[in-house]
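Worksheet for the structure shown next.
Heavy atoms only: backbone and side chains are in, while hydrogens, waters and symmetry mates are out. Each chain gets a letter, A, B and so on, in the order the sequences are listed, and its residues count up from 1.
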There are 2 protein chains.
Amino acid sequence: METILVVEDEEPVRELVSVYLRREGFRVETAEDGEKALAMLRSFVPDLILLDLMLPKLDGWTVCKEIRKNLTVPIIMLTARGEEFDRVFGLELGADDYITKPFSPREMVARVKAVLRRAKLAGSQNDVLCYPGLLIDRNACRVEAWGQEIQLTPKEFDLLWFLASHPQRVYSREQILEQVWGYEYPGDSRTVDTHIKKLREKLKNPGSKNYIVTVWGKGYRFGVTE
Amino acid sequence: METILVVEDEEPVRELVSVYLRREGFRVETAEDGEKALAMLRSFVPDLILLDLMLPKLDGWTVCKEIRKNLTVPIIMLTARGEEFDRVFGLELGADDYITKPFSPREMVARVKAVLRRAKLAGSQNDVLCYPGLLIDRNACRVEAWGQEIQLTPKEFDLLWFLASHPQRVYSREQILEQVWGYEYPGDSRTVDTHIKKLREKLKNPGSKNYIVTVWGKGYRFGVTE
DNA sequence: GAAATTTTTCATATTTTGTTCACAGGTTGG
DNA sequence: CCAACCTGTGAACAAAATATGAAAAATTTC
């Protein structure tokens, strides 16, 4: 399910937008100001961001710029009719579309879907995940770590792909088995450990943090933690 | 299929309500007084409760309060026209809606559906909780306090999530054990104290009130107090 | 079908968590 | 102001989860 982050300070607007998006089957998270939005983005990445231009503390421009430093997630700007919105400037900052308030909920939903469709199209072309020092190519089944191509076995590759394509999120061994091995895998869930170990060995680089992090009592997570 | 528990002492009304609800595809269970209802709730949890205000043995108020100690299941109150129903008081007790007798079956069904829809919407809850200076992400199993990521153990995380997702509400140690540890945990309830202590240590911030508040003789509560 | 590779299992060592308990320190109500 | 009753704290101990290494089983390759 796709998740949309709504950044909007006015509670009624936030509610309205959330209700309509949820009705369309999206998962919705909300933040009432820019600081909270940026904080939230440190721990999860939505599929799209609806960003109000006029926000307390940090305005929409700044938030947008900040987001673009790290993420390529699609952003739709919300602007009040009076506010001047320089489309070119907006696009320069990396916004993908904008909606003028007051807007009809149906229009809003339509635009969200359009942007998502566009993003998915662009995204599906490259089955390549790219992280600092790590390149995973699904088409070629190749992995390059710290400039060196490394050889992974099929299971190792599938596991790495699964984790790396859902960064930051924690998965239990059972969930990993289900997703990577297939439904209702009967075997021992400690098998995952072994594969994780081998992956870590192969991805290891002196002086760099490990990409695959153990979350004690919960499972594993892919992501840079510092 | 959704199950509805009807708590009503008058047999004809019980029948009427049941028939109409079943016709709409609900599974219906009935209880003719408050004690029986509470007993039933110990072994199963319906998706909604229709609760008559006027009941033998335990009146509806008491039953409602009792239910709310443990469950967040939606409750619709049934009141006779003459009975004074203080809407505010009812909602304080945690009722989600009320219907005045005599009611049309169609109205009753409509209200049941409306409340269920609302509940489902609310149930697709955020996986990220956000309070001033505190961010809790359930997917990533991460907590950020005052801009710094903090490391929590599994139990600490589960406990914090439970408390933070029911802010302001007081839970006894027993209730916490039941909710966070699992039903009928056999051990010492003072274990909770230890975990609370560790949480407070980790969440502590000079100059800020503690999020986890002790309610003397009752238990603990999550909330900003000032 | 044998060799090589990959995957799984399992026992052990290691690390991290969870629980208990005793005592100190507060709070309440008579 | 005292007795009874809660809660906070720290440390010892128990329990649980993970890392590891090696060997067995399964699969693929030649």
Kindly say if [X] contacts the phosphate of [N], meaning a side-chain N or O under 4.0 Å from OP1 or OP2.
| X | N | answer |
| --- | --- | --- |
| B:Tyr220 | D:dG8 | yes |
| A:Arg190 | D:dA19 | no |
| B:Thr194 | D:dT9 | no |
| A:Thr214 | D:dA17 | no |
| B:Arg200 | D:dT9 | no |

**Asked** So how far is it from B:Lys57 NZ to B:Glu35 CD, rounded to the nearest 0.5 Å?
**Response**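 Rounded to the nearest 0.5 Å, the NZ-CD separation comes to 5.0 Å.
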- Item | From B:Leu58 atom CG to B:Lys65 atom NZ, the distance as rounded to the nearest 0.5 Å |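 B:Leu58 atom CG to B:Lys65 atom NZ measures 11.0 Å (nearest 0.5 Å).
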If the threshold is 4.0 Å, N to carboxylate O, is there a salt bridge linking [X] and [Y]?
| X | Y | value |
| --- | --- | --- |
| A:Glu156 | A:Lys202 | yes |
| B:Glu2 | B:Arg27 | no |
| B:Asp137 | A:Arg169 | no |
| A:Asp193 | A:Arg173 | yes |
| A:Glu32 | A:Lys36 | yes |

| message | Need two values: the first and the last nucleotide of DNA chain C, 5' to 3', having an atom under 4.0 Å from any heavy-atom of chain B. | response |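 The contact span of chain B on DNA chain C goes from C:dT17 to C:dT27.
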Distance in angstrom units between [X] [atom1] and [N] [atom2], rounded:
| X | N | atom1 | atom2 | value |
| --- | --- | --- | --- | --- |
| B:Lys198 | D:dT9 | NZ | C1' | 11 Å |
| A:His195 | D:dT18 | NE2 | P | 16 Å |
| A:Tyr185 | D:dA26 | OH | P | 11 Å |
| B:Trp181 | D:dA16 | CH2 | P | 14 Å |
| B:Arg173 | D:dC5 | CZ | P | 16 Å |
| A:Glu201 | D:dA22 | CD | P | 11 Å |
| A:Ile212 | D:dT18 | CD1 | P | 15 Å |
| A:Trp216 | D:dA15 | CH2 | C1' | 10 Å |

With distance as the sole test, does A:Asp47 use its side chain to make a donor-acceptor pair with the main-chain N or O of A:Thr3 at under 3.5 Å?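 The answer is yes, because a donor-acceptor pair under 3.5 Å joins these two groups.
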- Query: Quick one: does A:Arg221's side chain have a donor or acceptor within less than 3.5 Å of a partner on B:Ala140's backbone?
  - Reply: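 Looks like yes, one N/O pair under 3.5 Å.
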For this output row, return yes or no: ring centroids of A:His166 and A:Trp161 closer than 6.0 angstrom.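 Distance test on ring centres: not under 6.0 Å, no.
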field: Inter-axis angle, terminal five-pair segments of the helix from C:dG1-D:dC30 to C:dG30-D:dC1 [nearest 10°]
entry: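 Computed angle between terminal axes is 40°.
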task = Check every strand shown and say whether B:Thr153 touches a base, only sugar-phosphate, or nothing at a heavy-atom separation below 4.0 Å.
result =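 Touches sugar-phosphate only.
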Practice item. Report which part of the nucleic acid A:Lys155 touches: base, sugar-phosphate, or nothing (heavy-atom distance under 4.0 Å, all strands). Key: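 The residue A:Lys155 makes sugar-phosphate contact but no base contact.
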